[in-house]
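A quick write-up on the structure given underneath.
As the structure is a computational prediction, the values presented were derived from the model and not from experiment.
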Amino acid sequence: MKKLVLLSTVFFLTAIKVAAQEVTPKLTAFPEFRPATAYLADGKKLDIPMANIFLKNSSLLYLSGELTKEADTKNLLRVDFKDRTYIRIDSVLAFQVDTVGSKALYCAKVLDLKAYKQLLVNNSNITNLDLNDLMTTNMLQYTTVDIGDAQDIHFPVIPLYYYRINDKFVLVHERHLKRFFDKEDRRRMESVMNLPDFSWTNEKFLLKILEVIK
């Protein structure tokens, strides 16, 4: 596990027109750190008094003394919070959105780093700051410091969706699904894609695809 050093710099973003699915003033999934139980790949179970999900890469954060630390996701199987369970899929922690029979839709929310970097580049107030330093330090500061009236700080977030089908996980993306589905299920998927207002970020349509495939 790696330590993430906290710095005291707080920066403000005033322009927030981005193409991401949503924006958030937080860098964590929950407003406050809370108890969690982590199940490790080696079979161990750890009770963590203060934990959260880091939106930078949908990983596990936990407090250790005065430090915020990030767990190595590859060592985790799942993390249970009181009202939500995250499981490791690929390199992220994702929660279950809903099920359709034995199939399920999962979601991991992560920062849209490309849009975020563009906001930094376009903001004249911070052009003299190093972009890499902002990405690796200030984000953690924001998870632990009360910034009071700094309501203009927002971060673009995008959802990464996964299907669980026959105990296999596949990224919900047209290219990946076309390789995963057989010819008949590809046809069924395309029938949903042709519906008005279809979007790969609309959970109603994503669940509809699970309904129509065999």
Practice prompt. Give a yes or no on whether a salt bridge exists between Glu190 and Arg187, defined as a side-chain N under 4.0 angstrom from a carboxylate O.
Written response: no
Worksheet item: Under a 4.0 Å N-O cut-off, is there an ion pair linking Glu22 with Lys109?
Response: yes
Item to complete: Working to the nearest 0.5 Å, report the span between OG of Ser102 and CG of Asn166.
Response: 6.5 Å
Fill in: ring pair (Phe, Tyr, Trp, His ring centres under 6.0 Å), paired with Tyr86, selected from Tyr39, Phe54, Phe95
Phe95
Worksheet item: Can you find a heavy atom in the side chain of Leu46 that is under 4.5 Å from one in the side chain of Leu40?
Response: yes
Item to complete: Kindly compute the distance separating CZ (Arg84) from CZ (Arg34), expressed to the nearest 0.5 Å.
Response: 9.0 Å
Discussion item. Using ring centroids (six-membered ring only for Trp), state whether Tyr162 and Phe169 fall under 6.0 Å.
Written reply: no
Fill in: Atom pair CG/CG of Leu171 and Asp90 - distance to nearest 0.5 Å
7.0 Å
Worksheet item: Taking 4.0 angstrom as the limit, do Lys103 and Asp98 come out as a salt bridge?
Response: no
Item to complete: Please examine the side chains of Met50 and Tyr62, heavy atoms only from C-beta on, and report whether any two atoms are closer than 4.5 Å.
Response: no
Worksheet item: Any link between Ile89 and Leu77 through a network of hydrophobic side chains (Ile, Leu, Val, Met, Phe, Trp, Tyr) touching at under 4.5 Å?
Response: no
Worksheet item: For the side chain of Ser58 and the backbone of Leu93, is there at least one donor-acceptor N/O pair under 3.5 Å apart?
Response: yes
Discussion item. How long is the straight-line distance from CG of Asp197 back to NZ of Lys204, given to the nearest 0.5 Å?
Written reply: 7.5 Å
Worksheet item: Do the charged groups of Arg78 and Asp80 touch, with an N to O distance under 4.0 Å?
Response: yes
Worksheet entry | Close side-chain approach of Leu61 to Ile53, heavy-atom, < 4.5 Å | no
